[in-house]
Structure formats: C-alpha cells, structure tokens
Amino acid sequence: MNDFTFINEELHSLTEQGLRRELKTILTAGGPWAELAGGKRVLQFGSNNYLGLANHPEIINANKSAASKYGVGSTGSRLLSGTTELHVKLEKAIAEFEGTESAIFFSSGYAANVGVLSALVSKEDAIYSDELNHASIIDGIKLSGANKFIYNHNDCKNLEELLLNNKDKYKKSFIVTDSVFSMDGDIAPLEEIAKLAEKYNCITLVDEAHATGIFGKNNSGLLEELNLQQYFPLKIGTCSKAIGIEGGFCAGPKEVIDLLQNKARSFMFSTSTSPAITGAILKSIELIKDGNWRKEKLWQNAKLLYTGLKKNYKLKLNKFITPIICIYFNTTEEVMHISDRLFHEYHIWAPAIRPPSVKKPRIRLTPIATHSEDDINYVIKAFDHLSKDIKAEPLSLEVRH
Ligand SMILES: Cc1ncc(COP(=O)(O)O)c(C=O)c1O
C-alpha cells in the first residue's frame, strides 16, 4: 500500500542525469535584482517581467484598492459568483487593446491555451502545430483529441507538405503557432503561415505570450507589428510576461468568445482570478498603452546584450534579436556548469534550460526594461570571462552585488 519507491527511483534517475530541478526562494519584489533566501543578491536575468511592471507602484495601488472594494477572493467560477465588474471591464480592455470584437480572460496563459484548443478543436479535426510550440498548446491539443501534425520548427515547406497530404481528410483544419518562441526567442513566419492558411482553408491560432506588450505601435503584439491582424483573428495572450502579473486571454470574434464561455473547461470549472489581480491587470494595460518608453528601453537593453554577446565568437546565439536571448551548449553538464558559475561567482541568475523542457541545452537570458546599461555590460563581461578558459580563468572582474 502506498509504496512510493517508484517516485524515489524517478527522482534518483533525474539527479543522475543532471535534470533534477530545485526551487530558488526570492525575498524581494520582481525587478532587475533579486534577493534570495540565504542572503544572496543576484542580477535577475531569468524573469519574463519584460517591461519591469511586476513591481510598479500604480499597479500595486490598483491591486490594493480592488482588494479593498471587492475582497481578496472571487468566490466562484466565472459562470457562478466569480464575475465582478472588474472582470467585465478587463475583458473589454483586452479586446480594445488587441483590436478584436471580444475577449475572454482565463486564470493563466496555460489555462487559456488548454481551454481554447480543447473547446474549439475536436477529434474530427486536424491540427498543425510547430514542434517548438509551448507546452500548454501541446496539452490543449492532447485534450482536444484532434489529429495532430507537428511540423518542423518554422518550416513552412514542411507545413505545406503536411497540409497537402491531409487535405480534405478532416472536418476542419487548424494551424497553431507561438508568435515569439518562449525558449528560443525566434519568431514564427507569420506571413507565410497566413498564406498557407488561406490556401488550405485553415483556422489559425497564434499565441502572443512573449509578444504582447512589446511589439506593435499600440504594443498589442507581433501580429500588429507585422500588420497581419486581419489574417489571424484569434489570438492567445498572457498577462504574466510584459503585463507583469498573471492570467491569460483569448481575443477574437464575439461568437468564438461566446462559445468559449460555454465550452472552455479551464474557464468554466475553475475559480476566477481574484478581483485584486484583475484590477492590477487593468492598470498595467493602461500603463502599457500610455508608455512606449518602457518598450524602447527593453529593446535597447536586448540589443545591447545581444550585440555584446555576439562579439564573443565562442558563444552560439539564437538568430533573432528579441528580449529572449539564448546561448546554446552541447551538453547538459556544460550548461549547468556555466549557469552555476554565473550564479555563484558572478551573482547573475541566468537559468539553464535543459531537457525535457528543450532538446538543446541553453542559457536563456531575459533583459528587462529596468536593467541599467551597467547591468547589461556586466553580463557581457561575465560571459567573456567564462568563455575564455572556463576552468582556469581567475576572477578579476569586480563582482556586483
Ligand atoms: C508561449 C507561451 N504560451 C503560454 C504560456 C503560459 O502562460 P502562463 O505562464 O501565463 O500560464 C507561456 C508561459 O511560459 C508561454 O511561454
């Protein structure tokens, strides 16, 4: 009875492969620096707080006043007692921000993808999905029971082959892709995907999680930046990255949103997000709409970091400059070694991403708008030091705490 030997075996196996993860406890608010339990202070290069809004005083105030007025708990799922006027306002604000007719708000981006895919796609349908799409898309497809076709990453030739091979075999066809890929920081060939969707009569779904707030004149995402919104009427976003809080959404035509309210199980069978969080997101979207300077500073930092690292010929970087900068390594041991040294010797939190999250081990660096130029230059120098001679290099760089 209750024999957990198999759990210990699995944990042991993860440890042996260098794949066992540990949680780090943070004592301070989300920002460019983090103080950790045990007293260590580190430069934070592992958050998705792109615009630095996670700790913005006006958002904190909005959170507090929403809690004072509506309480801390939403008291039920959205279809029961969990829809306050703030939830309604937020969905309106999201639709306006995204330039769509309507929007539905979920408790996370994960819940949005899982809920939307499982509600809209059925086992009689085909779904074409980029091999590097986020785990929540993968799980949503599994739940939908649809016939899935995984195309090689960003490879529209391969996508078209699959579309052609499966033409007319299924009731409806969907193409789903991230717009900015979360673990590689590269961007999807959205224009080509739009053409294929039109040619093969597919419905498209684009996950703008890492683009919301940081691309486009009105900051709504990459589709806006590329002027492709008309081809992609249905989009997913999160409030957990540039917006700086939590929650996810789907924005699109009214009839789709109405159906999602009636059919998306992660919306229907889960307590709605607290009014305090909802009020905070409303304020954050307001600030994003009003303040392009944060976005500009973020991009300045991303470019500075990318170009600085690029000068170091030993580092293998991703191809696109986005605020997700990846340095690839051949082995898990190597990536762990560098990430550990950055952390312990240079006080830089630069997370190693390894299997099973990704196939190819990498350090994923995410500069944010509130990093200073000195913070960025320090990281570049740290990589220069580490890459020269990882074992023998003496530490002459003045360590920042
Ligand atoms: C592309 C993508 N979609 C969805 C999600 C899930 O969003 P959330 O963290 O808000 O649940 C993430 C989060 O990492 C993501 O990167």
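Sequential numbering from 1 along the given sequence is applied to the chain's residues. Counting convention: from 1, in listed order, for ligands and their atoms alike.
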For the residue pair His210 and Tyr50, does the interplanar ring angle fall in the parallel (under 30°), tilted (30 to 60°) or perpendicular (over 60°) class?
perpendicular
If we number the atoms of ligand 1 from 1 as shown, the ones under 4.0 Å from a heavy atom of Asp207 are 1 (C), 2 (C), 3 (N), 4 (C)
Strictly by modelled atom types, are Asp375 and Ser372 linked by a side-chain donor-acceptor pair under 3.5 Å? yes
Atom 14 (O) of ligand 1 has as its nearest protein heavy atom Lys241 NZ, 2.8 Å
* Asked: Is Asp384 salt-bridged to Lys311, going by a charged N under 4.0 Å from an acidic O?
  -> no
In ligand 1, the atoms that come under 4.0 Å of a heavy atom of Ser108 are 11 (O)
shortest atom 11 (O) of ligand 1-to-protein heavy-atom contact is with Tyr110 N, 2.9 Å
Per-atom filter on ligand 1: closer than 4.0 angstrom to a heavy atom of Gly109 are 6 (C), 7 (O), 8 (P), 10 (O), 11 (O)
Under 4.0 Å from one or more heavy atoms of Ser182, ligand 1 contributes atoms 16 (O)
Per-atom filter on ligand 1: closer than 4.0 angstrom to a heavy atom of Asp178 are 1 (C)
ask   = Ring centres of Phe181 and His153 under 6.0 Å apart?
value = yes
Ligand 1 atoms nearer than 4.0 angstrom to some heavy atom of Thr238 are 7 (O), 10 (O)
Is any side-chain heavy atom of His87 closer than 4.5 Å to one of Ser272?
yes
For Ala209, the atoms of ligand 1 under 4.0 Å from one of its heavy atoms are 1 (C), 2 (C), 3 (N), 15 (C)
Counting from 1 in the order shown, the ligand 1 atoms closer than 4.0 Å to a non-hydrogen atom of Ser240 are 8 (P), 9 (O), 10 (O)
Close approach of Met183 to ligand 1, heavy atoms, under 4.0 angstrom
no
Contact region, Glu246 to ligand 1, non-hydrogen atoms below 4.0 Å, reads neither
Checklist line | Polar side chain donor-acceptor pair, Glu160 to Tyr200, under 3.5 angstrom | finding: yes
| Exercise: do Ser13 and Glu9 side chains pair donor with acceptor under 3.5 Å | no
Are Glu286 and Lys283 close enough for a salt bridge, meaning some N to O gap below 4.0 Å?
-> yes
Ignoring hydrogens and geometry beyond distance, is a side-chain donor-acceptor pair present between Asp139 and Asn113 at under 3.5 Å?
no
Does Ser136 reach ligand 1, in the sense of a heavy atom lying below 4.0 Å from it? yes
Applied to residues 220-243, the ring pair (Phe, Tyr, Trp, His ring centres under 6.0 Å) test, sequence neighbours excluded, yields none
In this structure, atom 5 (C) of ligand 1 is nearest to the protein heavy atom His134 CE1, 3.4 Å
The answer for which part of Asn113 has a heavy atom under 4.0 Å from ligand 1 is side chain
The protein heavy atom nearest to atom 16 (O) of ligand 1 is His210 NE2, 2.6 Å
